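Because the structure is predicted, anything quoted here is derived from the model rather than measured.
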Amino acid sequence: KTDCGTQLSLPTNTISFTTPCIPLTTVPFIEYFDTYTTGTTVYPTCWSKLTSNATYPYISSTNFSGPGSLYLYSSASGGYCHAITPMFDGTIPINTLKAEFKLRVSATDDTLYVGVMTDPTDLSTFVLVQKLIPTATTTWQDMEVFFDTYNGTGQYIAFKNVYTTTTTTIYVDNLEIFTIPTCP
């Protein structure tokens with residue numbers, strides 16, 4: 001409504017909107033994917049996604065520690081799925097960070113690509129930091145990725161899978177991103 005001093009205008013229609021998330025200004029950044037429900041419409045707050053299938057990624061009930069984990073899936077030739085963290089503030093250089101998480105795959109050729117992006121809406125800005133192929137299937141394994149070799153300007157960490165010769169099924173749980181210790 002507009003207040004004209006002596007009278008009020010008619011109200012406008014109600015508009016719903018969400019403001020953009022502010023960049024992360026502190027580490028560690030911890031996301032266990034457990035503060036959400038699970039299902040195809042559930043996704044972590046402030047995360048971005050790029051996918052060839054509108055359903056994926058999402059929070060799945062298959063998890064290391066319940067109730068949820070991040071589920072990436074590609075089912076057709078040319079398929080891809082990116083899960084992208086919130087933006088890290090420029091005061092936190094990505095090449096000073098390390099990620100630790102649990103990883104589970106369904107097939108021996110399922111591969112998780114971990115990298116950095118400058119634009120979470122543009123696939124071409126993905127820069128690979130590490131390619132992870134777990135040694136076992138249907139088992140949760142500890143993974144770590146050091147970003148010290150990254151020398152770009154990206155401020156988003158991205159998890160990516162792509163279709164190989166079969167469907168690609170990947171779960172990520174208990175993600176922790178923190179500054180690389182001086183004595184790892």
Minimum side-chain heavy-atom gap [X]-[Y] below 4.5 Å:
| X | Y | value |
| --- | --- | --- |
| T85 | F159 | yes |
| L103 | L112 | yes |
| Y156 | T125 | no |
| N151 | T149 | no |
| T41 | Y58 | no |

Exercise for the section: Would you verify whether the NZ or CZ of K49 falls within 45 degrees of the ring axis of Y43 while also being under 6.0 Å from that six-membered ring's centre? Expected result: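 Yes, a cation-pi geometry holds between K49 and Y43.
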Exercise for the section: Examine K98 relative to F178 and say whether NZ or CZ is less than 6.0 Å from the centre of the six-membered ring and inside a 45° cone about the ring axis. Expected result: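 No.
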Less than 3.5 Å apart, any donor N or O on the side chain of [X] or [Y] sitting next to an acceptor on the other?
| X | Y | answer |
| --- | --- | --- |
| T164 | D109 | yes |
| Q141 | T135 | yes |
| Y36 | E31 | yes |
| Q130 | Y113 | no |
| T51 | N53 | no |
| S74 | N161 | yes |

Practice task
Output yes when a side-chain donor or acceptor of T168 lies under 3.5 Å from a complementary backbone atom of V162, and no otherwise.
Solution key: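 Here the side-chain-to-backbone pair exists.
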Handout entry: Spatial distance of atom CG (D148) from atom CG (N95) [nearest 0.5 Å]
Key =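 Output value for this atom pair is 7.5 Å.
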Practice task
Classify the angle between the aromatic ring planes of Y71 and Y171 as parallel (below 30°), tilted (30 to 60°) or perpendicular (above 60°).
Solution key: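 Y71 and Y171: parallel rings.
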Practice task
Kindly assign one of parallel, tilted or perpendicular to the pair W140 and F64, based on the angle between their ring planes and the thresholds 30° and 60°.
Solution key: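 Correct class here is perpendicular.
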